[in-house]
Amino acid sequence: MTDPERKAVPMGRPTVPDLTWWQADPDSWELLSFDGRYDKEGLPYDAGWGDREEVLEMLVASPGPYSADFARHLLRQEILGHHHAWGYSDQIGMAALLVAEQRRMEDIWLLWEAKSVSFDTYCGLPEVFLVANGLARTLEYVRAGDGPGREGLLEFLGEMSPVSDEEIAEKLTRIRHYYGELKALREEETSESVSVG
């Protein structure tokens, strides 16, 4: 959906299908794929970001359950987008949160890839995403594994302070709440700019 089409939709009404629709047909996920382009000034951008952002916001606003494969697909698209352009967006944070909340140990490699995209993602993505299964259990898994970036991940995990399962759960809950507040603030700003204009 182009930006002019997005602006034509009344506030509060989604511009993309609901979560049930997306999760019912994995073939539909391609509609949310990374689409790397360059603008007139030669600056990189992802033409697929808008609808993907809306779906990520719906997932964060929903308590679940949702498909782990869908969450991983969204994070992979954000990784591609962040490789294409510099910086950090809340979209990769939301996607990483959704993957981390699944607490699938094998996702550590994908989460580490997301954190390692750039200096910005390294600093921007919370370290708690990497230890959703607990620091000791994650270290044990990575030591026994051979995933991409293993040595760097082991070094990173080895420098982390111990954190309890309760602290991890609390941090993930706070991060989810933070992303929900961001959406509400954006909607409020948009509503104010429409009423002023």
Side-chain angles (χ1 to χ4, degrees), residues 1 3 6 16 29 32-62 66 68 70-104 107-132 135 138 142 147-157 159-161 163 167-168 170-190:
M1 183 167 291
D3 284 343
R6 181 176 299 283
V16 297
W29 302 350
L32 300 173
S33 292
F34 162 72
D35 183 5
R37 298 187 189 185
Y38 294 88
D39 66 16
K40 293 175 189 171
E41 286 78 39
L43 298 174
Y45 73 99
D46 175 7
W49 75 271
D51 291 346
R52 195 167 59 248
E53 178 183 54
E54 195 166 335
V55 169
L56 284 164
E57 287 176 344
M58 284 193 293
L59 283 164
V60 168
S62 168
Y66 49 85
F70 188 35
R72 282 193 292 278
H73 173 75
L74 294 169
L75 181 54
R76 285 188 191 100
Q77 304 319 302
E78 288 302 321
I79 290 169
L80 291 170
H82 282 73
H83 271 298
H84 180 63
W86 56 87
Y88 173 85
S89 78
D90 289 321
Q91 286 180 228
I92 196 170
M94 287 187 280
L97 169 67
L98 295 170
V99 170
E101 286 179 331
Q102 299 286 331
R103 288 185 168 79
R104 292 169 48 106
D107 287 337
I108 185 67
W109 309 112
L110 181 62
L111 289 162
W112 179 242
E113 181 183 356
K115 190 162 180 68
S116 303
V117 168
S118 69
F119 177 78
D120 294 312
T121 56
Y122 188 86
C123 294
L125 285 174
E127 62 185 27
V128 71
F129 292 165
L130 299 172
V131 293
L135 179 57
T138 303
V142 174
R150 178 180 174 272
E151 295 307 315
L153 177 54
L154 278 173
E155 183 179 345
F156 183 87
L157 293 172
E159 293 172 359
M160 281 184 68
S161 301
V163 59
E167 289 170 317
I168 290 167
E170 182 184 321
K171 286 180 180 184
L172 292 174
T173 300
R174 279 200 321 261
I175 293 167
R176 178 176 272 273
H177 181 72
Y178 166 78
Y179 287 128
E181 285 185 336
L182 280 182
K183 180 183 180 199
L185 283 172
R186 276 196 298 273
E187 288 174 351
E188 186 179 309
E189 287 172 1
T190 304

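What's counted below: heavy atoms across the whole structure, side chains too, no hydrogens, waters or symmetry copies.
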Closest heavy-atom pair, Glu41 versus Asp39, reported as atoms and distance to 0.1 Å, is N-OD1, 2.9 Å
What one should report as the nearest heavy-atom pair of Gln77 and Leu32 is CG-O, 3.8 Å
Can you list, pair by pair, the side-chain donor-acceptor contacts under 3.5 Å of residues 89-96, counting residues two or more places apart and other chains?
residue : atom : partner : partner atom : Å
Ser89   : OG   : His82   : NE2          : 3.4
Ser89   : OG   : Gln91   : N            : 3.3
Gln91   : NE2  : Glu78   : OE2          : 2.8

Counting heavy atoms not belonging to Tyr45, are there more than 12 under 6.0 Å from its OH?
-> yes
Considering residues at least two apart in sequence or located in another chain, which fulfil the side chain to side chain contact (heavy atoms under 4.5 Å, CB included) criterion with Ser118?
-> Asp120, Thr121
Between the CG atom in Leu157 and the CG atom in Leu130, the distance rounded to the nearest 0.5 Å is 6.0 Å
Not counting sequence neighbours, which residues clear side chain to side chain contact (heavy atoms under 4.5 Å, CB included) with Glu181? List them please.
-> His177
Report the residues that fulfil salt bridge (Lys or Arg N to Asp or Glu O under 4.0 Å) with Arg104, sequence neighbours left out, ordered by chain and then residue number.
-> Glu106, Asp107
Taking atom CG of Leu98 and atom OH of Tyr179, what is their separation to the nearest 0.5 Å?
-> 9.5 Å
Ala114 and Leu75: which non-hydrogen atoms are nearest, and at how many Å?
-> CB-CD1, 3.9 Å
Quick one: salt bridge (charged side-chain N to carboxylate O under 4.0 Å, His left out) pairs with a partner in residues 121-130, sequence neighbours left out?
-> none
With sequence neighbours excluded, residues passing salt bridge (Lys or Arg N to Asp or Glu O under 4.0 Å) with Glu53 | none
What residues form a side chain to side chain contact (heavy atoms under 4.5 Å, CB included) with Tyr122, not counting sequence neighbours?
-> Trp112, Lys115, Phe156
Given side chains that start at C-beta, do those of Phe129 and Val99 come closer than 4.5 Å, heavy atoms only?
-> no
Atom CD1 of Ile168 and atom OG1 of Thr138: how far apart are they, to the nearest 0.5 Å?
-> 7.0 Å
Approximate separation, where rounding is to 0.5 Å, of Glu113 CD and Ile79 CD1 = 4.0 Å
For His84, check side-chain hydrogen bond (donor to acceptor under 3.5 Å, both in side chains) against everything at least two apart and list the hits.
-> none
Going through the checks in order, is the side chain to side chain contact (heavy atoms under 4.5 Å, CB included) test met by Val117 and Tyr88?
-> CA-CA 10 Å; Val117 168; Tyr88 173 85; over 6 Å; no
Output all residues satisfying side-chain hydrogen bond (donor to acceptor under 3.5 Å, both in side chains) with Arg174, sequence neighbours left out; order by chain, then residue number.
-> Glu170
Check side chain to side chain contact (heavy atoms under 4.5 Å, CB included) between Arg76 and all other residues, then give those that pass, not counting sequence neighbours.
-> Arg72, Leu110
How far does CG of Asp51 sit from CG of Leu56, to the nearest 0.5 angstrom?
-> 11.0 Å
Do the side chain of Asp46 and the main chain of Asp35 share a donor and acceptor less than 3.5 angstrom apart?
-> yes
Just jot down the side-chain hydrogen bond (donor to acceptor under 3.5 Å, both in side chains) partners of Ser33, sequence neighbours excluded, or say none.
-> Glu30
Between Arg103 and Ala132 the two heavy atoms that sit nearest each other are NE-O, 3.2 Å
Applying side-chain hydrogen bond (donor to acceptor under 3.5 Å, both in side chains), name anything that partners Glu101, two or more places apart in sequence or on another chain.
-> Tyr66, Arg176
